[in-house]
Chemist: 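For reference, the structure I am asking about is given below.
Positions are given from 1 along the sequence. Both counts, for ligands and for their atoms, begin at 1 and track the order of listing. Only this structure's heavy atoms are used, side chains among them; waters, hydrogens and symmetry mates stay out.
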Amino acid sequence: MGSDCLFCRIVAGEIPATVVRETDTTLAFRDIDPKAPVHVLVIPKEHYADVATLGQGDPALAGELLATAAAVAEDEGLLGDGFRLMFNTGAYGGQEVFHVHAHVLGGAPLGPMLCR
Ligand code: AMP
Ligand code: ZN
């Protein structure tokens, strides 16, 4: 994928990001337009379009992504009061960037899961 993908370019260091955690296979950085007091995106460094492709293509990497998300939640002090982990997927899911990313959201009550 590479140069066409915004998050691959962040992994490559071509676009700046506020990185909060990095492992050999994953990267966590603050969302540029936060929707909660804590809003961190966690991605695999390898390009997968969405969580379905990642989960079926490399379940071990999906597990590493979850481990990084949990470590971010702990670092950000979210484990006590709770947080939300979200993967927007495809058109109906409202996905805008097609490099899989987990949203780690917390720091305040987040309201209902979905607006009806
Ligand atoms: P989604 O709608 O799930 O695809 O979410 C994409 C997220 O990426 C949004 O919350 C954006 O605010 C965020 N975003 C877009 N560009 C950047 C960037 N350069 N650095 C950090 N977050 C970004
Ligand atoms: Zn990518």
Side-chain angles (χ1 to χ4, degrees):
M1 195 62 187
S3 62
D4 287 345
C5 171
L6 176 64
F7 288 174
C8 282
R9 294 189 69 191
I10 287 177
V11 170
E14 295 169 8
I15 292 176
T18 304
V19 172
V20 296
R21 182 170 274 268
E22 181 170 11
T23 69
D24 286 349
T25 57
T26 67
L27 190 69
F29 53 93
R30 297 204 187 279
D31 196 290
I32 203 167
D33 180 19
K35 282 80 176 177
V38 175
H39 189 172
V40 173
L41 303 177
V42 185
I43 66 171
K45 290 180 176 175
E46 190 177 344
H47 182 90
Y48 285 89
D50 59 32
V51 71
T53 314
L54 172 65
Q56 293 186 324
D58 193 339
L61 180 56
E64 290 166 22
L65 186 73
L66 281 187
T68 299
V72 167
E74 183 171 31
D75 289 348
E76 299 288 328
L78 304 182
L79 295 187
D81 289 327
F83 65 99
R84 187 168 291 160
L85 189 62
M86 209 169 71
F87 292 92
N88 294 327
T89 305
Y92 279 18
Q95 186 176 2
E96 292 174 355
V97 178
F98 285 83
H99 181 131
V100 60
H101 49 282
H103 295 260
V104 180
L105 295 155
L110 298 170
M113 187 171 65
L114 295 171
C115 299
R116 291 176 191 273

Chemist: Looking only at protein heavy atoms, identify the closest one to atom 17 (C) of ligand 1 and say how far it is in Å.
Modeler: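 Ranked first by proximity to atom 17 (C) of ligand 1 is I32 CG2, 3.6 Å.
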Chemist: Starting from the Zn ion (ligand 2), look over the N/O/S atoms of H47 and name the nearest one.
Modeler: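 Closest N, O or S atom of H47 to the Zn ion (ligand 2): ND1.
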Chemist: How far does CG of L6 sit from CD of E14, to the nearest 0.5 angstrom?
Modeler: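 It comes to 10.5 Å.
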Chemist: Tell me the protein heavy atom at minimum distance from atom 9 (C) of ligand 1, and give that distance in Å.
Modeler: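 Checking every protein heavy atom, the shortest distance to atom 9 (C) of ligand 1 gives D31 OD2, 3.4 Å.
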Chemist: Under 4.0 Å from a heavy atom of R30: which atoms of ligand 1 are those, numbered in the order shown and with their elements?
Modeler: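 That gives atoms 21 (C) of ligand 1.
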Chemist: Considering the heavy atoms of V97, write down every atom of ligand 1 situated less than 4.0 Å from one of them.
Modeler: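 Answer for ligand 1: 4 (O), 6 (C).
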Chemist: To the nearest 10°, what's the angle at the Zn ion (ligand 2) between atoms SG (C8) and ND1 (H99)?
Modeler: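 Vertex at the Zn ion (ligand 2): approximately 110°.
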Chemist: Between atom OG1 of T18 and atom CD1 of I10, what is the distance when rounded to the nearest 0.5 Å?
Modeler: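 Output value for this atom pair is 9.5 Å.
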Chemist: Using the rule that two of Ile, Leu, Val, Met, Phe, Trp, Tyr join whenever any of their side-chain heavy atoms come within less than 4.5 Å, decide whether V72 and L78 are in one cluster.
Modeler: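 V72 clusters together with L78.
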Chemist: So which protein heavy atom does atom 1 (P) of ligand 1 come closest to, and at what separation?
Modeler: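 Of the protein heavy atoms, H101 NE2, 3.1 Å lies nearest.
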Chemist: Taking only residues two or more places apart in sequence, or in another chain, which ones meet Q95 in a side chain to side chain donor-acceptor pair (under 3.5 Å)?
Modeler: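 With sequence neighbours excluded, Q95 shows a side chain to side chain donor-acceptor pair (under 3.5 Å) to no residue whatsoever.
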Chemist: Has H99 got a side-chain atom pairing as donor or acceptor with P44's backbone, closer than 3.5 angstrom?
Modeler: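 A pair under 3.5 Å: yes.
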Chemist: Would you check whether K35 has a nitrogen or oxygen atom less than 3.5 angstrom from a nitrogen or oxygen atom of ligand 1?
Modeler: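 N/O-N/O distance under 3.5 Å: yes.
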Chemist: Can you measure from OG1 (T23) to CG (L65) and round to the nearest 0.5 angstrom?
Modeler: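 With rounding to 0.5 Å, OG1 (T23) is 9.0 Å from CG (L65).
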Chemist: List every atom of ligand 1 that sits less than 4.0 Å from any heavy atom of D33, numbering the atoms from 1 in the order shown and giving each element.
Modeler: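 Numbered from 1, ligand 1 contributes 12 (O).
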Chemist: Check ligand 1 against N88 and write out every atom of the ligand that is under 4.0 Å from a heavy-atom position of the residue.
Modeler: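 In order of number, 1 (P), 2 (O), 3 (O).
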Chemist: Name the orientation class of the two ring planes belonging to H103 and H39 (parallel below 30°, tilted from 30 to 60°, perpendicular beyond 60°).
Modeler: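 Ring orientation of H103 relative to H39: tilted.
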Chemist: Which value, rounded to the nearest 0.5 Å, describes the distance between N88 atom CG and F98 atom CZ?
Modeler: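 Answer for the CG-CZ pair, N88 versus F98, is 9.5 Å.
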Chemist: Applying a strict 4.0 Å limit to heavy atoms, is G94 in contact with ligand 1?
Modeler: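 Checking ligand 1 against G94, which is what was asked, there is a heavy-atom contact under 4.0 Å.
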Chemist: Suppose we measure from atom 4 (O) of ligand 1 to each protein heavy atom; which comes out shortest, and what is that distance?
Modeler: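 Answer, as residue, atom name and distance: E96 N, 2.7 Å.
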Chemist: More than 12 non-hydrogen atoms from neighbouring residues, nucleotides or ligands closer than 6.0 Å to CD on E74, yes or no?
Modeler: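 Open: at most 12 neighbouring heavy atoms sit under 6.0 Å from CD of E74.
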Chemist: Would you call R30 and E76 a salt bridge, using N to O less than 4.0 angstrom?
Modeler: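 Salt bridge between R30 and E76, a charged N being under 4.0 Å from a carboxylate O: yes.
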Chemist: With a cutoff of 4.0 Å, is F98 in contact with ligand 1, counting heavy atoms of the residue only?
Modeler: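 No, F98 has no heavy atoms under 4.0 Å from ligand 1.
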Chemist: Under 4.0 Å from a heavy atom of F7: which atoms of ligand 1 are those, numbered in the order shown and with their elements?
Modeler: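 Near F7, meaning under 4.0 Å from one of its heavy atoms, ligand 1 has 8 (O).
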Chemist: What is the closest protein heavy atom to atom 16 (N) of ligand 1, and at what distance does it sit?
Modeler: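 That would be L6 CD2, 3.4 Å.
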Chemist: Below 4.0 Å from ligand 1: does a non-hydrogen atom of F29 turn up there or not?
Modeler: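 The answer is yes, since F29 has a heavy atom less than 4.0 Å from ligand 1.
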